[in-house]
Structure formats: structure tokens, C-alpha cells
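Let me begin by presenting the structure, written as C-alpha cells, before commenting on it.
Proteins come first, then strands; the chains are lettered A, B, ... in the order of their sequence lines, and each starts at number 1. A quick note: this is a predicted structure, and the numbers were derived from the prediction, not measured.
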Protein chains: 2
Amino acid sequence: MIILSRLADYGVIVATCLAADRERQATASAVAAATQLPRATVAKLLKALARAGLVSSTRGVAGGYRLARDPAAISLSEVVAAIDGNIGLTQCSVHVEDCARTNYCPTRPHWAAINNAVAKALAAIALEEMVTPYTFAPPGKGRFTPARREKIAEPGVTP
Amino acid sequence: MIILSRLADYGVIVATCLAADRERQATASAVAAATQLPRATVAKLLKALARAGLVSSTRGVAGGYRLARDPAAISLSEVVAAIDGNIGLTQCSVHVEDCARTNYCPTRPHWAAINNAVAKALAAIALEEMVTPYTFAPPGKGRFTPARREKIAEPGVTP
DNA sequence: ACAAATTGGACCGAATTGGTCCGCTATAGG
DNA sequence: CCTATAGCGGACCAATTCGGTCCAATTTGT
């Protein structure tokens, strides 16, 4: 089973990309190029992030996006929630109504606890932490090259 | 966003139902009736649980299912994994290969930590705990009222 | 031998998701 | 003033996945 949707996953990547250098005003296409994700999708994600108030946008010819807040003040749960909606473990924690009909469940109270555990784990990590250990391109330096990316894409997975 | 699939959700309910009285050998139909879930689906779930070794099955005319182990020794993560497969936060934590192509991700190492948090939260709760506080009320007696459920479904989400 | 069960798999229909595209508005520069 | 650029807000399509059902086979008790 996979917990967060691909869109949410991408959303974090996109947000992290913006967090990499907070000053720069990046266009959707620029972010798409940097992240190697399809432009249209990135645009969609940025829209969602903007609507959630996580990134600020400026329109027009010299427009673009940038983080609205300090990367240290944006948690992953916010990013995920901006795209996938609020986190709930089961259907009934999101839509309460239809629970009445299908199930009998003494189990439900426990879900809330687990729910919190997940939410907390996600809330405990800030965007800043996602970018720092690998130093994206801190001071005015070059962006990430696709080549470099391949190398660091390897590990992950197992703790 | 919803973390566990409906099937997994149901799976926990079914398992909890069996845990409610460990001695009894329950047929798939009996469990379906008790849980108010469609029979075919329950049968499917029980099959999956059996294959994972969580419940033992006996075939034939007086057959049925029962828990293979003590309810205190079965964690929710096992039940969920039996149905939805292993828990992973992102695609790349499950299928590593396609990660190399799509994304650049300095972010990935962090996923593992969150992954663990979720897994631990799920592993920390045993089937036994799911059944005790609310004592199933096997035949005849009242189910849970939607009203009560509403109260406990609220929380979670915000940090 | 028959009936009641699980087993394993195939199968379909539908809901959700990922992704694209459109027309619109706003801004900067010539 | 006009044009090019870029975000905005949808609608929209395509496809994968998911929930659910069904069937043939096997096993076992009466």
C-alpha cells in the first residue's frame, strides 16, 4: 500500500524546489524543468499550493511563484493537505455519514490515534529539512543537474 | 486523502470480529452477517488473511475461520499488510526502479522516517485492543449509533 | 454420495486519479 | 496601446486501480 498519492509526492518535490532558494521567483515551466516533471502537472500543483497560501504568485510577464513563508515554517503535512486534502485514515474519518450504513465498528476510536500519529509525523518535518541535507544550490549557485539527480535518487527507501 | 483502502479497513473489522471470540469457528457468511459487509467481499478478505497466516481455516462442511494467534499478538500492521501489501509512503519506497527516471529527490531519505512512524503506529496496536473497549455485542443487541461515531471521527489532522 | 465449506482465479464495472487543455485575466515592456 | 508572457480556474479525457461478484475445484462431515 502506498500512503500518499503521486500528486502529493510531486507536490513536495515542487515545494522543496522552491524552498531551495527562497528569493528567486520561479515560473511553473522553470520548476518543471528543474524537477523533470510534466509542465502541466507542475502548474496544477503550484496552483493548488498557491490556493492553500503556501506559495505566493505574481502574474504577468515577469511573474512566477515563490514560497510564501520561511521553509522552516512550512510542514509537510501542509503541503500534502494542500494537494490531497486533509489526512484521514479511513473513509469514515473524512465522510462520517456513510459510515452509519455500511459498518458496525467498535474499532473506530482507535483510528483517530493512528491518524494523529501519521499527521504528527508529517507535521514534524519542515520543508527546510527536506532541502538542507543535500544542499540544493544554496547561494546563487547552479541548480540541480539531472545527472546529479540520478545519483541521489538511488538510496531512499530503507532506513 | 485517505490512508488505508476500504478493503484494508474492512479487513480490520473482519479480523476484529474473529478476535471477539477466539474459540468460535466462524464461517465466512457468519462473519459477513455479523459485520454487515457483503459476503463475497468478506470471503475474499478472509482468504487473504488466511494466506498471510493470520487466521487458520478448515474446509469442508463444518469448516470456517478462526484466529491463528492470540489477538494480543496480532498487530494492525499485519492485518493491513495482508490485504494492501507492505506499507510505503511513496511509489519509490515500493518500486525503486522507476524512481531513477522520473524524479530528482533529495527528499527521499526523509520519507523513510515518516514511513517508519506510520508503520510503528500501526504495529503498536493489537487486535485485542480493537475489540475490548467496546465489546462487540454479538447477537441481537444494539450496534453503534451514528451519533456516537460523529464525536470520535472529528479529530486528527491539524498539528 | 451429497451438501456445506474454503480455495483460487478470472472477471467486470465503476470510481478515482493523473494528466492535458482551454479561455480568461493580469502585468511588463516596447 | 499592443503584444507577449504567465498565472487562474475550470472542464475534460484517459487509464489505472479498486471494489465487488462469480465460478470451478477441492475438501470434509453426515
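Ranking C:dT7, C:dG19, C:dT27 by closeness to the A:V61 side chain, first place goes to C:dT27. Comparing C:dG18, C:dT7, C:dA26 by their closest approach to the side chain of B:S57 singles out C:dT7. Among C:dG18, C:dT20, C:dT25, the nucleotide with an atom closest to any side-chain atom of A:R59 is C:dT25.
Going from atom CG of A:L45 over to atom P of C:dG18 covers 10 Å, rounded to whole Å. Counting to the nearest Å, the P atom of C:dG19 and the CD1 atom of A:I83 are 12 Å from each other. Atom CD1 of B:I3 and atom P of C:dT16 are 18 Å apart (whole Å). The distance between atom CZ of B:R39 and atom P of C:dT7, rounded to the nearest whole Å, is 18 Å. As a whole-Å value, the separation of A:L46 CG from C:dG19 C1' is 15 Å.
Put simply, the residue from A:T16, A:I74, A:I13 that forms a side-chain contact (heavy atoms from CB on, under 4.5 Å) with A:M130 is A:T16.
Summarising the geometry of B:A119 relative to B:S77, their closest heavy-atom pair is O-CB, 4.3 Å, with the distance given to 0.1 Å. The minimum heavy-atom distance between B:A82 and B:L54, with the atom names listed, is CB-CD1, 4.0 Å. A:V55 and A:L46 make their closest contact through CG2-O, 4.0 Å (heavy atoms, listed as atom of the first residue, atom of the second, distance). Contact record, A:V80 with A:A8: CG1-CB, 4.3 Å, taken as the closest heavy-atom pair. Residues A:L49 and A:I83 approach most closely at CD2-CD1, 4.2 Å, considering heavy atoms.
A distance of 7.0 Å separates CZ in B:R24 from SG in B:C17, rounded to the nearest 0.5 Å.
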What nitrogen or oxygen pairs link the protein and nucleotides 9-11 of chain C at under 3.5 Å?
residue	atom	partner	partner atom	Å
C:dG9	O6	B:K47	NZ	3.4

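Nucleic acid contact class of B:S29 (heavy atoms, under 4.0 Å, all strands): none. Looking at heavy-atom distances under 4.0 Å, B:A43 makes no contact with the nucleic acid at all.
A donor-acceptor pair under 3.5 Å is formed between the side chain of B:R22 and the backbone N or O of B:L67. In this structure, the side chain of A:R66 does not engage the main chain of A:L18 through any donor-acceptor pair within 3.5 Å.
Nucleotides of DNA chain D with any atom under 4.0 Å from a heavy atom of chain A span, from 5' to 3', D:dT5 to D:dG10.
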